[in-house]
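Notes to accompany the following structure.
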Amino acid sequence: MTSRVDKPDTDADEAIRAALDQEVRPAFVVVAGAGSGKTTSLVKALAHVVAEQGPELRARTQQVACITYTEVAAREIHIDVGNDPLVLVSTIHSFLWTLIKPFQADIKQWVATHIERKTSDLEEKIVSYGTRVQAKTKEKDAAELSKYRSQCASIGKVPRFTYGTGSDYGNGILGHEDVLTLAPELLMTRPLLAKIASRKFPFIFVDESQDTFPNVVECLKQIYSSSDGMVSLGFFGDPMQQIYQRGAGAIQLEEGWIQVPKPENFRSSDRVLEVVNAVRADGDSLVQTPGRSPSERNDGEVFFFVLPSDADRTINLDRAREWLDANGASGCWTQSSPDDETKILTIVHRMAARRLGFEGLYAAFNDNQSRLGDDFIEGTAWPLRAFDQVVLPVIDAETGDEGKAIEAIRKHGVLLAEDLPPSSVKAALAKGLAAACQLRRIAREDAPGSIGAVLTLAVSEGLLEPDPRLAVFLNPDGDHNDVVISDSTSSVLNDLMNCRISEIRNYRNYVERSSPYSTQHGTKGSEFDKVLVVIDDEEGRYSLYSYEKYFGLRELSNTDRKNQAEGLATVVDRTRRLFYVCVSRAEKSLAVVLFTADVERARQKLQDSGLTGSARILTLADL
Ligand SMILES: Nc1ncnc2c1ncn2[C@@H]1O[C@H](COP(=O)(O)OP(=O)(O)OP(=O)(O)O)[C@@H](O)[C@H]1O
C-alpha cells in the first residue's frame, strides 16, 4: 500500500473508524476544504475496512464500493489499497451500471417508456404546428418520428442491453446519460433493487461528492435507508470545489448522520493558505488552519500580476515568468518540461487553443451553440473519446509497440472481436495492421480534414466501434440509422471532421496535464510545487465563468442579477469556485496573472478585495 495509507491519523480518521466499526452503521459526511486530506482519509477508511472486515466480507461475496469522478482517480485509489479485488473503485456511471445491469426486464421497460414519451412529445409538437413552420423542420421532425417508431418496434427483440457512451436503443445500447437517469429511477422506485444493492455493498464511499449528481446522491441515500443500518455510506467532498454544473454541491445530512470536520490544510505553505482562505471568505467563509507540523511548515510566496489584455499577452506572460525566476525564492518558473514543477493553469479558451495548436478544434466545439462546448472546456466531450480509446494508441504504436495498438483495437473495435473464429485471426490481424499503417500516414501528413479521414478509416476497417451518434453521422443508413442527433451536434461533428489530427494531441496534452499547461478544471484533485494561474476572460465570451465579474471589473448582467435574487448559482459563484480550486493546488508558491483592459483599475480592485493577502501586486512597470 502507498504512503496515503501511512499518513498520520487525524481526529477525522478516528471519527470515521469509530463510525465504520459500529454495529448499526451511521452515514457520515466529511466536509472540508482543499488539501485537508479528504482523499487520504477515504483511502485510510478503505484500508481499515479491508483489514478489519475483509475475511467476513469475502466469505459473503460482498464488496466495498468507492465512487470517484474520473477513471484516473479510480486507478490511483485502487493502487493505494494494493489493488485488492475486495474494493470496487469505479466512476459513478460504471458503479450504477454494476448495480442495475442484472435487472434486464426493468431496463427494457424503462427504455420502452422513455421512447414512448419522446414519441408522444414529438407527435404533440407535430399536431400543433403553426403556419410559419418551415418545410425543412417538418421533414426533420417526420424523420425523427419514424426513427422513434422504429426504435420502439425493435426493443422487444433486444436480448440484452449493454452500456456504451451514446445510446442506440434499437440495438440494445444505453448511453452514459441513460444510465445516470435510469439507475437512480429504478433504485428509487423498486425497493427490492435497493435492498439487493445494500446486501452486495455494505460499505459505499463517494469521493468528490460535491460533483456527484443530485439524483445519484438520492439513490445512494435510498440504498442506505433500505439497509436498516447494515450499510455504511460516506461522502467526502467540498462544496467550494464543485466545478461541474450538474454537481450536488453540499450533501444534506439526514437525521442521525455524522458530520466529520477536517479543519487542517496539509498541502499549502502559509502564504498560499492565506490566499486560499481569503478566496473562500466570500463563499462559505470556512477557514483552514495549517496542518503540517511546525518543522515542515514553510512561508512560501504569492505574487499577483495585472497585465494588459493586448496582442502581447504571450510575450508579457513570459516576462512575468522571467521576473519570477529572477525574484522568486522557489527557483525556475520558465522551464517547459513536463516534469517541471511549475503548473500553468488556464481556462480552455481561444487564446490557449491558438498558442497550443488546437484552435480549429476549439472553434468546432464552441462556435456551434452546442452543450458540447461546455464538455470540451471541462475535458469530457464524447466525440473525442474515440481518439483516447483507439486512434491515438494506434498512431502512437509507430515507435514499435504494436502490442498496445492491437490491444486497443481488440477492446474498442469489431475487427478482433472475442468470438472471431481462430482461422480468421491471422487475416484480421493483417487487415488491422495495414489499416494502422494508413492511419499513421494520415497522421504524419496532418492535413486539414485528417480527423475526418482517420475516423472514417478506423470505423470502416473495424478498428473502432463508434459511438452510435458518431456512427449515424458518418453513415446515416448504417447499423445505427435509428439514432437521432441534434442539429448542433451535427454541426460540431462536421467542423470536427475538418480539423487536423495534431490538434487532438495538443488538446489532450493540455487537458491531461502532461504539458506545463493544464485546464483549470482538469487540475482538480492534484497538487504542484509552483502554480501559475492565468486569468483572461477574452472579452467575456463565456457565459459560465467571468473573472472580470468575479473581481468586480465588469457589471453583472440582468440574468446574473436574477439568478442572484432567486438564490441560484451565479457566474460569480462558479468563477469563485474555479479560482479556489486553482489557487489551492499550490504547495509552496503561487502566482496569479490577470490580463485585463484597464490595468490600474484592476490593480486597485484587487488591492481592495482582500483576496491577495500580503502578496505583492505587480504590473508591467515592475517587470
Ligand atoms: N494526515 C495527514 N498528515 C500529513 N499530510 C497529509 C495528511 N493527510 C493528507 N496529507 C497530505 O496533504 C495533501 C492533500 O491531501 P489530499 O489530496 O488527500 O487532500 P484533499 O482534501 O482530498 O484535497 P483536494 O480536495 O484539494 O483535492 C497530500 O499531499 C497528502 O499527502
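It should be emphasised that the depicted structure is a prediction, and the values quoted were computed from it without experimental measurement. Start at 1 and go down the list; that is how both ligands and their atoms are numbered.
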Give yes if a backbone or side-chain nitrogen or oxygen of [X] is under 3.5 Å from a nitrogen or oxygen of ligand 1, and no if not.
X: K262; value: no
X: T10; value: no
X: R267; value: yes

For atom 30 (C) of ligand 1, which of D13, D9, V581, T40 has the closest heavy atom?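 Selected option, by shortest heavy-atom distance: T40.
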Out of D6, T39, D238, who gets a non-hydrogen atom closest to atom 22 (O) of ligand 1?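 It is T39 that holds the nearest heavy atom.
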Taking [atom] as the reference point, the nearest protein heavy atom with its distance:
atom: atom 25 (O) of ligand 1; answer: K38 NZ, 2.7 Å
atom: atom 31 (O) of ligand 1; answer: K7 CE, 3.0 Å
atom: atom 19 (O) of ligand 1; answer: G37 N, 3.0 Å
atom: atom 10 (N) of ligand 1; answer: F266 CB, 3.6 Å
atom: atom 1 (N) of ligand 1; answer: P8 O, 2.8 Å

Pick out which of I92, T212, D211 makes a side chain to side chain contact (heavy atoms under 4.5 Å, CB included) with V206.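 Answer to the side chain to side chain contact (heavy atoms under 4.5 Å, CB included) test with V206 among I92, T212, D211: T212.
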Would you verify whether the NZ or CZ of R246 falls within 45 degrees of the ring axis of F213 while also being under 6.0 Å from that six-membered ring's centre?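 Satisfied, under 6.0 Å and within 45°.
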Heavy-atom pairs closer than 4.0 Å: do any link ligand 1 to the side chain of [X], the backbone, both, or neither?
X: E527; answer: side chain
X: R292; answer: neither
X: R4; answer: neither

Taking the six-membered ring for Trp, is the centroid-to-centroid distance between Y224 and W257 below 6.0 Å?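 Under 6.0 Å, so yes.
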Please confirm whether F236 and F28 have ring centers closer than 6.0 angstrom.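 Distance test on ring centres: under 6.0 Å, yes.
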At the 4.0 Å heavy-atom cut-off, does G35 count as touching ligand 1?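 So G35 counts as touching ligand 1.
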At a 4.0 Å cut-off, with the gap strictly under it, does some heavy atom of E264 reach an atom of ligand 1?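 So E264 does not count as touching ligand 1.
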Under 3.5 Å, is there a donor-acceptor pair linking the side chains of [X] and [Y]?
X: S41; Y: K262; result: yes
X: S227; Y: S198; result: no
X: E566; Y: Q564; result: no
X: D21; Y: H48; result: yes
X: T570; Y: D560; result: no

Closer than 4.0 angstrom, basic N to acidic O: yes or no for D284 and R280?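 Judged by the 4.0 Å cut-off on N to carboxylate O distance, D284 and R280 do form a salt bridge.
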